[in-house]
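First the structure, in the form of structure tokens, and then the observations on it.
Just the heavy atoms: all of them, side chains too, but no hydrogens, waters or symmetry mates, feed the values below. Index from 1, following the sequence.
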Amino acid sequence: MSSQLTEALQEWERLDKDFQQIQESHRLYLQKLDEVSKTQSSFTASIARHRKYLKDLSQSLNKCSKGLTGENAKKVEHIKGHIQQRPNIFSEMESFLPKKNGIYLSLVLGSVNVNLLSKQSKAAYKDEYEKFKLGVTVILLLLTFICQFLVTYRFVDALVNFLLVWYYCTLTIRESVLISNGSRIKGWWVFHHYISTFLSGVMLTWPDGELYQMFRSQFLTYCLYQGFVQCLQYYYQSGCLYRLKALGERHNLDLTVEGFQSWMWRGLTFLLPFLFFGHFWQLFNSVTLFRMARLPQCKEWQVLICGFSFLVLFAGNFFTTLAVVRHKRKTKNQGKSKGL
């Protein structure tokens with residue numbers, strides 16, 4: 001028997017043993033998956049059952065706490081304090097459990113499970129989301145710059161608007177996945193991406209003509225400014241979030257947003273003038289489009305729809321940011337008065 005054949009047979013024996021180990025590992029893996037699935041179901045049922053018991057107990061305490069004084073009243077208040085904390089604790093636990101998708105994710109993805117089962121996976125997905133936002137924003141900035149200063153072809157404008165539609169659609173899906181995994185982004189900062197998707201889609205369908213050319217330069221300049229502000233926000237918000245997470249003051253899945261939130265109060269108030277200027281630019285776009293809609297030559301329905309969309313964006317962005325600023329100033333003043 002030749003030496004090559006001997007080596008080949010020995011190699012086969014080694015590979016066969018290795019294959020047996022792989023099969024055993026696969027069997028154990030499937031067994032663990034089944035155990036995890038059963039544990040998840042049991043854990044979910046336990047939380048639901050505990051929630052029901054807490055609700056019943058809370059109602060009983062409310063009935064029997066009337067007229068209590070002294071030590072008994074303190075005990076009841078102590079128990080109520082713990083009961084109020086439980087929902088937040090359960091929400092944190094459930095972020096690691098499979099759950100049904102919301103209406104939007106169900107329409108887009110069906111019943112596929114989007115819950116990530118480890119903190120590392122959640123953090124990696126969140127970081128990839130942030131890089132995606134920054135990367136596409138830079139590409140949009142370059143394309144918008146080309147449209148504004150180098151070319152005037154309608155199909156290049158359409159490419160920018162198509163990219164905007166795809167970008168905002170993708171953001172809404174990714175944000176829904178992050179919310180399912182425990183991210184606390186909510187309210188207007190989620191909804192305004194749906195409005196932006198709709199607006200970009202209408203701009204994409206606006207045919208070339210006199211009115212389109214009248215608004216084109218203003219819209220592209222607005223897009224350039226928005227891209228610049230978004231890059232500025234990403235740079236400073238990501239740094240601020242990193243410091244706050246290191247101090248334990250923010251959630252690991254908190255995201256950078258195209259606006260102003262309460263956690264930005266310390267160190268990021270310098271962004272407010274840039275944001276308010278962008279908000280009023282949206283109002284200016286809306287007024288311009290409404291004036292264009294009154295012109296005799298206006299036949300396109302896109303003019304009025306875009307005007308209303310910009311008005312909604314302005315109102316949502318401006319009043320949400322204003323509410324955050326007022327709330328933080330009120331909280332700050334209350335803190336000072338207590339200190340005195």
*Between F132 and Y167, how do the two ring planes meet: parallel, tilted or perpendicular, split at 30° and 60°?*
tilted
*Can you say whether the rings of F280 and F314 are parallel (under 30°), tilted (30 to 60°) or perpendicular (over 60°)?*
tilted
Is any side-chain heavy atom of [X] less than 4.5 Å from a side-chain heavy atom of [Y]?
X    : Y    : result
V160 : C223 : no
I305 : W301 : yes
E175 : Y129 : yes

*Is the shortest distance from a Lys or Arg side-chain nitrogen in E35 or K38 to a carboxylate oxygen in the other one below 4.0 Å?*
no
*Write out all pairs satisfying salt bridge (Lys or Arg N to Asp or Glu O under 4.0 Å) with one or both partners inside residues 146-164, taking only residues at least two apart or from two chains.*
D157-R216
*Could you state the interatomic distance from CG (L199) to CD (Q282), rounded to the nearest 0.5 Å?*
9.0 Å
What donor-acceptor contacts under 3.5 angstrom involve side-chain atoms of residues 78-85, with partners at least two apart or in another chain?
residue : atom : partner : partner atom : Å
H78     : NE2  : H82     : NE2          : 3.1
K80     : NZ   : N62     : OD1          : 3.2

*Looking at F284 versus F310, is the centre-to-centre ring distance below 6.0 Å?*
no
*Give a yes or no on whether the ring-centroid distance for Y225 and F277 is below 6.0 angstrom.*
yes
_Under the rule for side chain to side chain donor-acceptor pair (under 3.5 Å), what residues qualify as partners of R14, not counting sequence neighbours?_
E11
*For E130 and K126, run salt bridge (charged side-chain N to carboxylate O under 4.0 Å, His left out): C-alpha distance rounded to whole Å, both residues' side-chain angles, the deciding distance at 0.1 Å, then the answer.*
CA-CA 6 Å; E130 299 285 12; K126 183 261 178 188; 3.8 Å; yes
*Only one of T170, L171, V165 clears side chain to side chain contact (heavy atoms under 4.5 Å, CB included) with Y168; which?*
L171
